[in-house]
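What follows is a single structure, written as structure tokens, with notes after it.
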Amino acid sequence: MPALGFGTLIPDPGETRSATTTALQVGFRHFDCAERYRNEGEVGEALQAEFASGVIKREEVFVTTKLWNTNHRPERVAPAFDASCDRLGVRYIDLYLSHTPFAFAPGEDMDPRDANGNIIYDKGVTLLETWRAMEALVDQGKCRAIGLSDVLLETLAPLYEAARIKPSVVQVESHPYLPQTELLEFCRQKGIVLLAFAPLGHGTKAGPLQDPAVLAIAKQTSQTPAQVLLAWGIQRGTAILTTAKNPDRARENFNISEIPQAAVDEISRIQTRQRLNSVTETGVPGFIPKGG
């Protein structure tokens, strides 16, 4: 799995297609998708167009997608997986993740809620039962590896011990304001890749991109603050996901260079702590627009 990946959480279908095409042309070969993003079809169209051109082969691109919360019941896992493959236009998936550890009421409504607006959870299935169904996909050769997203260490550790096929990747929010140090150490010990989303702080004001230490290092190294943050993420041992809707930003995010170890250490000493996405508490993704 390439350490630098392109995230496809882009609400507009046209922008999804063009951004995916641009990312491929810039050099990205790792694409992170999800059933819940509702745009696997558009990502697939862009991928297939590039594959058809002969410039890029399917086996050169690492494709990840995710099982949504409403499909945690074991009998729903394989159909959900197959539907994702169909939308993406691929015969296999390189990495299949459980989007969150939370099971929602099964059905076509991705955001099932009661009359009071509260999420309807499915208490009739455990995460381990869902994981067993994902293991079967690996056994059948449908996907190369499986993992979890938006998971806390307290949930990951017992699943790891019970799993027959161990998680290969854990995808979580991670940036200098949420370094996930304890989780990263666990992943290192177990041979799991920690894949960081929102490594730039999701562009929030007064976030990592504006941190004085990051700005100073960017000036010292003649890089942009975004490039500094992405380099920090890779050099500390995580893989990272970044999203860009325009070619210039895509090239900026792809063309990153190593920063001095002293700079890595300085960013790691930042004391500000801020979680931007509450998905680990509820299973509801904080970065997906309501109704999306």
Might you point out which heavy atoms bring Ser98 and Met134 nearest each other, and give the distance in Å?
N-CE, 3.6 Å
Nearest-0.5 Å distance that lies between atom CG in Leu97 and atom OG in Ser168:
9.5 Å
Which pair of non-hydrogen atoms, one from His175 and one from Gln274, has the smallest distance, and what is that distance?
CE1-O, 3.2 Å
Assess, by modelled atom type and distance only, whether the side chains of Thr20 and Glu42 contain a donor and an acceptor separated by less than 3.5 Å.
no
At their closest point, which heavy atom of Pro208 faces which heavy atom of Gly201, and how far apart are they?
CD-CA, 3.9 Å
Nearest heavy atoms of Tyr92 and Glu59, plus distance in Å
OH-CA, 3.8 Å
If we count only N and O atoms by modelled type, under 3.5 Å, do the side chains of Glu35 and Asn71 hold a donor and an acceptor together?
yes
Lys166 to Tyr160 six-membered ring, cation-pi geometry met (6.0 Å, 45°)
yes
Value rounded to 0.5 Å, distance of CZ in Arg188 from CZ in Arg236
7.0 Å
Separation between CG (Asp32) and CG (Leu241), nearest 0.5 Å, reads 4.5 Å
Donor-acceptor side-chain pairing of Glu40 and Ser84 below 3.5 angstrom:
yes
Classify the angle between the aromatic ring planes of Trp68 and His99 as parallel (below 30°), tilted (30 to 60°) or perpendicular (above 60°).
perpendicular
Using modelled atom types only, decide if a donor and an acceptor are shared between the side chain of Glu60 and the backbone of Lys57 within a distance under 3.5 Å.
yes
Can you tell me how far apart OG1 (Thr22) and CZ (Arg251) are? Round to the nearest 0.5 Å.
8.0 Å
Are a donor atom and an acceptor atom from the side chains of Trp232 and Ser268 found within less than 3.5 Å of each other?
yes
Report yes if the side chains of Leu95 and Arg144 come closer than 4.5 Å at any heavy-atom pair, otherwise no.
no
Distance only, no hydrogens: is a donor on one side chain within 3.5 Å (strictly under) of an acceptor on the other, for Lys66 and Tyr37?
yes
Hey, any chance Phe51 and Val43 share a hydrophobic cluster, counting ILVMFWY side chains that come within less than 4.5 Å of each other, even indirectly?
yes
What heavy-atom pair brings Phe104 and Val284 nearest, and what distance separates the two atoms?
CZ-CG2, 4.2 Å
Can you confirm if the NZ or CZ of Arg29 lies within 45° of the ring axis of Phe62 and under 6.0 Å from the centre of its six-membered ring?
no
Are Pro179 and Thr181 packed together at the side-chain level, in the sense that at least one heavy-atom pair is separated by less than 4.5 angstrom?
yes
For the atom pair CD1 (Ile93) and OG1 (Thr64), what is the distance rounded to the nearest 0.5 Å?
8.0 Å
Count the heavy atoms belonging to other residues, nucleotides or ligands that lie under 6.0 Å from CD of Glu182, then report whether that count exceeds 12.
no
Let me know which of Asp211, Ile259, Val214, Ile240 forms a side chain to side chain contact (heavy atoms under 4.5 Å, CB included) with Leu229.
Val214
Indicate whether any N or O donor in one side chain lies under 3.5 Å from an N or O acceptor in the other, for Thr242 and Asn253.
yes
In terms of side-chain heavy atoms, does Glu252 have a donor or acceptor partner in Thr224 at a distance below 3.5 Å?
yes
Could you name each residue pair satisfying ring pair (Phe, Tyr, Trp, His ring centres under 6.0 Å) that touches residues 247-283, not counting sequence neighbours?
Phe28-Phe254
Could you tell me if the side chain of Arg73 sits less than 4.5 Å from the side chain of Asp122, heavy atoms only?
yes
Could you state the interatomic distance from OG1 (Thr100) to CG (Asn69), rounded to the nearest 0.5 Å?
3.5 Å
Considering all heavy atoms of both residues, which atom of Pro101 and which atom of Thr155 are nearest to each other, and what is their separation?
CB-CG2, 4.1 Å
